[in-house]
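Read through the structure below, which is laid out as structure tokens, and then see the notes.
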Amino acid sequence: MKVLLVYPEFPDTFWSFKHALKFIRKKASSPPLGLLTVAAILPPIWEVRLADLNVRPLSSQDLEWADVAFVSAMVVQRGSAKRAIAACKQAGVMVVAGGPLFTAEYADFPNVDVFVLNEAEITLPDFLADLDRGQVKRVYKTDKFPDIRRTPAPRWELVDFKNYATMDVQFSRGCPYNCEFCNITVLFGRKPRTKNAVQLVGELDSLYKLGWRGGIFFVDDNFIGNKRLLKSEILPALIRWRQGKSGLSFSTEVSINLVDDDELVGMMAEAGFATVFIGIETPDEQSLAECNKLQNTGRDLVASVKRLQRAGIQVQGGFIVGFDSDRPSIFQRQIDFIQQSGIVSAMVGLLQAPYGTPLYRRLMAEGRILARLSGDNVDGSTNIIPKMDIQVLQAGYARLLRHIYAPVFYYERVITFLKEYKPPKMRLHFELAYLYAFWRSIYVLGIKGVERTQFWKLWAWVLIHRPRLFPQAITLAIYGYHFRQICLLGSEGAEPV
Ligand code: B12
């Protein structure tokens with residue numbers, strides 16, 4: 001069998017980082033870990049090729065070569081996925097689809113031959129066995145969760161590293177919390193399932209041996225879901241693995257209660273976790289209680305963020321407006337919070353209800369579910385009828401984004417962060433692309449850009465006060481350029497549903 005792994009194109013969104021990637025001459029943020037994992041489960045004698053449409057278009061040679069196309073996508077990639085599937089079908093290539101988009105919406109894809117849904121560790125072997133017997137069903141799904149200690153290492157050798165900014169690995173799936181709007185527990189369960197240290201270090205080693213020296217994103221839903229295992233086994237192994245290596249800084253997603261455990265914070269910083277994404281959601285205690293985000297309540301959230309920054313861990317934050325308890329004053333409160341905390345990369349979205357979540361069920365019962373999700377949670381759309389007047393909500397949301405990504409406030413936040421931040425003692429890895437980014441930032445931001453005054457002020461400030469943080473300052477200036485294209489100037493965004 002000749003299998004073509006197809007990963008549809010992301011639209012130009014907050015998380016695509018398209019405008020920032022140009023500065024380092026990369027085509028995409030990271031390769032599709034789901035497809036690379038699926039490739040490792042296929043029979044070893046099958047031939048496999050990757051067509052990541054974020055890197056290159058689907059070619060007629062691909063389609064002539066392939067017997068079957070394995071397509072994976074998130075909802076936000078729906079448009080490109082539909083076009084890729086149509087091209088495969090037209091070329092007479094069988095289409096097998098899996099991953100989050102199809103698990104949520106498979107009924108909307110009539111021309112897909114076979115759906116292998118949920119986690120492939122369970123459903124793919126059933127499909128392969130049926131294929132062997134010549135009795136293939138149309139849909140393979142399960143409500144069970146596999147033990148990922150038996151998941152094979154992703155096949156990174158299928159990837160051309162030079163196109164990507166980071167590599168992804170996964171340590172765990174699932175999250176112990178049950179926030180009302182989040183679908184993670186529906187998709188992956190509440191009991192975090194983890195890999196073991198040997199397995200994880202083996203995956204990192206194979207990336208290292210293949211020559212990867214850039215950043216590594218642990219794509220866990222909540223990396224600290226099993227703190228005991230982290231402290232006793234995983235982090236000590238990662239700390240040992242890092243010794244003598246340069247580059248390879250880690251990032252991941254965690255819940256805010258990480259700050260309650262000094263030992264864990266210290267070990268994560270030592271292991272090389274330089275950035276964490278945290279769902280902060282809102283500074284409003286009532287809204288936090290409403291969405292069952294109890295781990296965020298009863299604490300000083302600004303102080304919690306600063307505690308991590310001082311430990312050498314940058315915090316990126318997710319924020320939501322449009323909770324039932326939100327009043328129109330929420331927009332200014334969010335702005336004040338974001339500015340004070342120095343969370344430079346702040347992803348703010350309107351409350352949405354993904355299918356299967358407790359929020360979806362509650363609002364369905366209240367007759368407040370409207371349509372499907374666009375899949376892009378920063379496009380100002382929502383599939384719910386909010387309590388606040390929708391025009392007030394959307395106008396307040398637009399004002400909030402305009403404020404936090406306006407150069408003057410964005411750069412102010414960068415300095416707030418750099419003042420607090422104590423960089424970890426990690427050896428940097430030099431790449432020629434960084435030099436290119438440096439010169440390009442001078443031209444695009446410092447000469448042509450509307451932010452040129454703030455850009456040079458940041459240069460001056462950082463060189464006088466925190467010269468060691470100069471690379472971080474330039475990186476954040478470049479991120480700001482991307483966020484501004486998305487949040488202020490408008491972009492192609494997700495295709496309308
Ligand atoms: C890494 C990640 C990203 C990366 C993507 C990098 C990349 N190149 O793919 C980044 C940061 C860019 C990203 C962004 C976003 N993401 Co995201 N992301 C994830 C995350 C955390 C991990 C995905 C992953 O790699 N998992 C590890 C692999 C091994 O698992 P997997 O991909 O699910 O694959 C398994 C199965 O699904 C299946 N499978 C997958 N594909 C296929 C294909 C075939 C043919 C078969 C047989 C099986 C199969 O087999 C695999 C092994 O079990 C997931 C959450 C999660 N735990 O999955 C969210 C998730 C995929 N993201 C989601 C969303 C909503 C987004 C964003 C809109 C923003 C946001 N709120 O997070 C943006 C959209 C992107 C954009 N540009 O606008 C949703 C998708 C929901 C949906 N139904 O589409 C998820 C599920 C999180 C959630 N809470 O719902 N994301």
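Predicted model, so just to flag it, every value in this text is computed and none were measured. Order of appearance sets the numbers: ligands from 1, and atoms from 1 within every ligand. When reading the values below, keep in mind they use all heavy atoms of this one structure, side chains included, and skip hydrogens, waters and symmetry mates.
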Under the salt bridge (charged side-chain N to carboxylate O under 4.0 Å, His left out) rule, what do Arg173 and Glu119 come out as? Steps first, then yes or no, please. CA-CA 10 Å; Arg173 294 183 195 165; Glu119 293 174 63; 2.5 Å; yes

Look at the aromatic rings of [X] and [Y] and report parallel, tilted or perpendicular, splitting at 30° and 60°.
{"X": "Tyr7", "Y": "Phe10", "result": "perpendicular"}
{"X": "Phe483", "Y": "Phe14", "result": "parallel"}
{"X": "Tyr479", "Y": "Phe17", "result": "tilted"}

Is there at least one protein heavy-atom neighbour under 4.0 Å from [atom]?
{"atom": "atom 23 (C) of ligand 1", "value": "no"}
{"atom": "atom 88 (C) of ligand 1", "value": "yes"}
{"atom": "atom 43 (C) of ligand 1", "value": "yes"}
{"atom": "atom 59 (C) of ligand 1", "value": "no"}

Within the 3.5 Å criterion, strictly below it, is a donor on [X] or [Y] matched to an acceptor on the partner's side chain?
{"X": "Thr151", "Y": "Glu121", "answer": "yes"}
{"X": "Asp326", "Y": "Ser287", "answer": "yes"}
{"X": "Ser59", "Y": "Asp62", "answer": "yes"}
{"X": "Ser325", "Y": "Glu290", "answer": "yes"}
{"X": "Asp205", "Y": "Trp241", "answer": "yes"}
{"X": "Tyr164", "Y": "Asp52", "answer": "yes"}
{"X": "Thr194", "Y": "Asn226", "answer": "no"}

Around [atom], find the nearest protein heavy atom and jot down its residue, atom name and distance.
{"atom": "atom 48 (C) of ligand 1", "answer": "Val38 CG2, 3.5 Å"}
{"atom": "atom 10 (C) of ligand 1", "answer": "Met74 CE, 4.6 Å"}
{"atom": "atom 74 (C) of ligand 1", "answer": "Val76 CG1, 3.6 Å"}
{"atom": "atom 12 (C) of ligand 1", "answer": "Trp15 O, 3.9 Å"}
{"atom": "atom 32 (O) of ligand 1", "answer": "Gly34 CA, 3.5 Å"}
{"atom": "atom 40 (C) of ligand 1", "answer": "Gly99 CA, 3.4 Å"}
{"atom": "atom 71 (N) of ligand 1", "answer": "Asn377 ND2, 2.8 Å"}
{"atom": "atom 50 (O) of ligand 1", "answer": "Ala120 CB, 3.2 Å"}

Distance filter under 4.0 Å to [X] heavy atoms, resulting ligand 1 atoms:
{"X": "Thr13", "result": "76 (C), 77 (N), 78 (O)"}
{"X": "Val71", "result": "43 (C), 44 (C), 45 (C)"}
{"X": "Tyr7", "result": "7 (C), 8 (N), 9 (O)"}
{"X": "Val116", "result": "46 (C), 47 (C), 48 (C)"}
{"X": "Ile184", "result": "88 (C), 89 (N)"}
{"X": "Phe188", "result": "56 (C), 57 (N), 58 (O)"}
{"X": "Thr37", "result": "29 (C)"}

Any N/O of [X] closer than 3.5 Å to an N/O of ligand 1?
{"X": "Asp376", "result": "no"}
{"X": "Asp221", "result": "yes"}
{"X": "Glu121", "result": "yes"}
{"X": "Ser30", "result": "yes"}
{"X": "Val75", "result": "yes"}
{"X": "Glu119", "result": "no"}
{"X": "Val96", "result": "no"}
{"X": "Ser72", "result": "yes"}

Taking the ring of [Y] and the ring of [X], is the distance between their centroids below 6.0 Å?
{"X": "Trp46", "Y": "Phe70", "answer": "no"}
{"X": "Tyr140", "Y": "Phe115", "answer": "no"}
{"X": "Phe217", "Y": "Phe250", "answer": "no"}

With a 4.5 Å heavy-atom cut-off, do Gln316 and Thr275 have their side chains touching?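 Yes. Closest side-chain heavy atoms under 4.5 Å.
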
Looking at side-chain heavy atoms only, is the closest gap between Ser72 and Val38 below 4.5 Å?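 SC-SC contact between Ser72 and Val38 ruled out.
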
Can a non-hydrogen atom of Asn118 be found less than 4.0 Å from any atom of ligand 1?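 Yes; Asn118 lies near enough to ligand 1 that a heavy-atom distance drops under 4.0 Å.
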
Is there a heavy atom of Phe102 sitting under 4.0 angstrom from any atom of ligand 1?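 For ligand 1, residue contact (heavy atoms, under 4.0 Å) with Phe102 is absent.
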
Using modelled atom types and a 3.5 Å cut-off, is there a donor and acceptor pairing between side-chain atoms of Asn118 and backbone atoms of Thr142?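 Between the backbone of Thr142 and the side chain of Asn118 there is a qualifying donor-acceptor contact (under 3.5 Å).
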
